[in-house]
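I have placed the structure first, in the form of structure tokens, so that the comments after it can refer back to it.
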Amino acid sequence: LYKKRYRQFNRGKVVYIIIIITGLFLTGIILPGSIFSQQPATFYRISYYKVVPGKEEVLQRMMTNVDAKVQQTRINAGAILGWYMYKLLSPAGTSAGYDYMTVTVINRYKHIFEPTYSFDSAWKKTFSKNDAQYLINYHSRMNEAWNLVKEEIYAGIALADSSAKDGFQSKYIISDFMQPKPEKFGEYMKAEVDTFRIIHRERIKMGGDISQWACFSLMLPYDTKTGYSVL
């Protein structure tokens with residue numbers, strides 16, 4: 001369970017299936033019945049961070065006053081679809097290994113690694129009165145405030161009636177990390193798209209306890225120790 005702050009089986013088979021699924025998805029022939037067959041693919045870069053003790057207040061201040069504004073500049077320029085920061089509420093303590101996660105939503109795979117408008121470039125435009133040394137000092141302060149624990153790239157597979165094209169308008173999100181059995185992977189994904197997406201869409205229409213639902217397929221890293229391939 002997360003609160004938004006701002007705008008494992010036969011491992012060899014699992015890795016093999018993830019690679020095949022990713023390849024099919026990127027060539028546009030996977031899951032022809034999904035909503036992503038009618039609109040451009042959406043990718044999600046999720047970064048998990050651990051806050052340095054005593055630095056959380058400083059971190060939140062910098063993210064509010066700087067990062068959120070810079071990312072909004074990137075959104076306005078069309079470089080990304082959205083950027084969000086969530087604080088982990090459960091599980092609490094050290095069991096998760098991280099305290100915060102940022103979600104960057106991108107509409108082209110190559111722009112995950114080759115952004116059309118980088119953070120530093122957007123920073124220079126957003127804070128044009130500050131010099132280059134100020135940016136260097138800012139990065140240094142951020143590195144002192146938190147540490148990157150892991151980073152994952154997901155491909156959007158299905159989305160149930162979100163009011164936002166990137167699917168992240170909710171204040172709270174619940175993440176289920178799933179690992180389908182290798183021999184049931186296709187059957188599982190079909191159920192998510194053709195059955196559960198429809199069910200959750202009706203729950204949303206009825207004004208129930210959820211506002212959105214999405215299914216993502218893990219693309220990177222190709223790590224057999226990850227233990228899940230669907231979010």
Side-chain angles (χ1 to χ4, degrees), residues 1-4 8-26 29-37 41-49 84 86-92 95-106 109 112 149-162 164 166-170 172-204 208-231:
L1 178 65
Y2 305 87
K3 180 179 181 181
K4 186 170 71 177
Q8 285 157 266
F9 298 86
N10 185 317
R11 292 175 174 175
K13 290 184 178 179
V14 171
V15 173
Y16 177 77
I17 289 174
I18 293 173
I19 293 173
I20 295 298
I21 290 291
T22 301
L24 292 175
F25 184 86
L26 293 177
I29 62 175
I30 185 174
L31 299 175
S34 75
I35 61 172
F36 281 95
S37 62
T42 305
F43 302 94
Y44 302 83
R45 185 172 197 156
I46 304 181
S47 304
Y48 303 81
Y49 294 92
Y84 302 88
Y86 286 86
K87 179 177 181 179
L88 181 66
L89 298 181
S90 176
S95 59
Y98 55 90
D99 305 305
Y100 286 90
M101 57 181 283
T102 62
V103 182
T104 305
V105 190
I106 307 160
Y109 181 77
I112 296 173
V149 175
K150 63 178 179 177
E151 195 163 69
E152 298 171 337
I153 308 297
Y154 288 88
I157 299 297
L159 180 66
D161 292 332
S162 169
D166 56 32
F168 273 89
Q169 287 296 309
S170 299
Y172 296 93
I173 61 172
I174 297 174
S175 295
D176 295 325
F177 296 88
M178 310 294 289
Q179 182 55 74
K181 294 182 178 180
E183 68 275 14
K184 297 287 187 178
F185 198 95
E187 182 179 334
Y188 168 82
M189 296 305 293
K190 188 175 188 303
E192 290 283 21
V193 174
D194 295 342
T195 302
F196 291 107
R197 178 175 64 90
I198 305 302
I199 292 173
H200 293 306
R201 185 179 65 187
E202 293 305 312
R203 292 176 67 197
I204 296 167
D209 56 347
I210 65 170
S211 57
Q212 295 143 302
W213 173 90
C215 178
F216 305 149
S217 176
L218 180 64
M219 300 178 63
L220 294 171
Y222 295 135
D223 186 351
T224 59
K225 297 179 181 179
T226 300
Y228 52 88
S229 56
V230 178
L231 177 63

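Quantities reported herein were computed from a predicted structural model and do not represent experimental measurements.
With sequence neighbours left out, the side-chain contact (heavy atoms from CB on, under 4.5 Å) criterion links Ile198 to Arg201. Contacts of Tyr49 classified as side-chain hydrogen bond (donor to acceptor under 3.5 Å, both in side chains), with partners at least two apart in sequence or in another chain: none. Under the side-chain contact (heavy atoms from CB on, under 4.5 Å) criterion, Glu202 pairs with Lys205, not counting sequence neighbours.
Taking 4.5 Å as the limit, some side-chain heavy atom of Asp209 sits within range of a side-chain heavy atom of Arg203. Counting heavy atoms from C-beta on, the side chains of Leu231 and Phe177 come closer than 4.5 Å. Side-chain contact between Glu152 and Tyr48 is present, with heavy atoms from C-beta onward closer than 4.5 Å. The shortest distance between side-chain heavy atoms of Glu192 and Ile157 does not fall below 4.5 Å. In this structure, Pro221 and Lys150 have side chains that are not in contact, with every pair of non-hydrogen atoms separated by 4.5 Å or more. Taking 4.5 Å as the limit, some side-chain heavy atom of Phe185 sits within range of a side-chain heavy atom of Ser229. Looking at Pro180 and Val230, their side chains come closer than 4.5 Å, going by heavy atoms from C-beta outward. Between Lys87 and Tyr100, some side-chain heavy-atom pair lies under the 4.5 Å cut-off.
Rounded to the nearest 0.5 Å, atoms CD1 (Ile46) and CE (Met101) are 4.5 Å apart. With rounding to the nearest 0.5 Å, the separation of CD1 in Ile173 from CG in Leu89 is 10.0 Å. Atom OG of Ser217 sits about 12.5 Å away from atom OH of Tyr44, to the nearest 0.5 Å. Put simply, CE on Met178 and CG on Leu218 are 14.0 Å apart, with the number rounded to the nearest 0.5 Å.
Nearest heavy atoms, Tyr109 versus Leu220: OH-CD1, 4.1 Å. Among all heavy-atom pairs drawn from Leu159 and Ala214, the shortest one is CD1-CB, 3.7 Å. Across all non-hydrogen atoms, the minimal contact from Ala160 to Arg197 is CB-O, 3.8 Å. In terms of heavy-atom proximity, Ala158 sits nearest to Val193 at CB-CG2, 4.1 Å.
Note: Phe216 and Tyr154 have tilted aromatic rings, judged against thresholds of 30 and 60 degrees for the angle between ring planes.
Within the 3.5 Å criterion, the main-chain N or O of Ile112 finds a donor-acceptor partner in the side chain of Arg45.
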Practice task
Could you give me the CA-CA distance, side-chain angles and deciding distance for Cys215 and Met189, then say whether side-chain contact (heavy atoms from CB on, under 4.5 Å) is met?
Solution key: CA-CA 9 Å; Cys215 178; Met189 296 305 293; 4.2 Å; yes
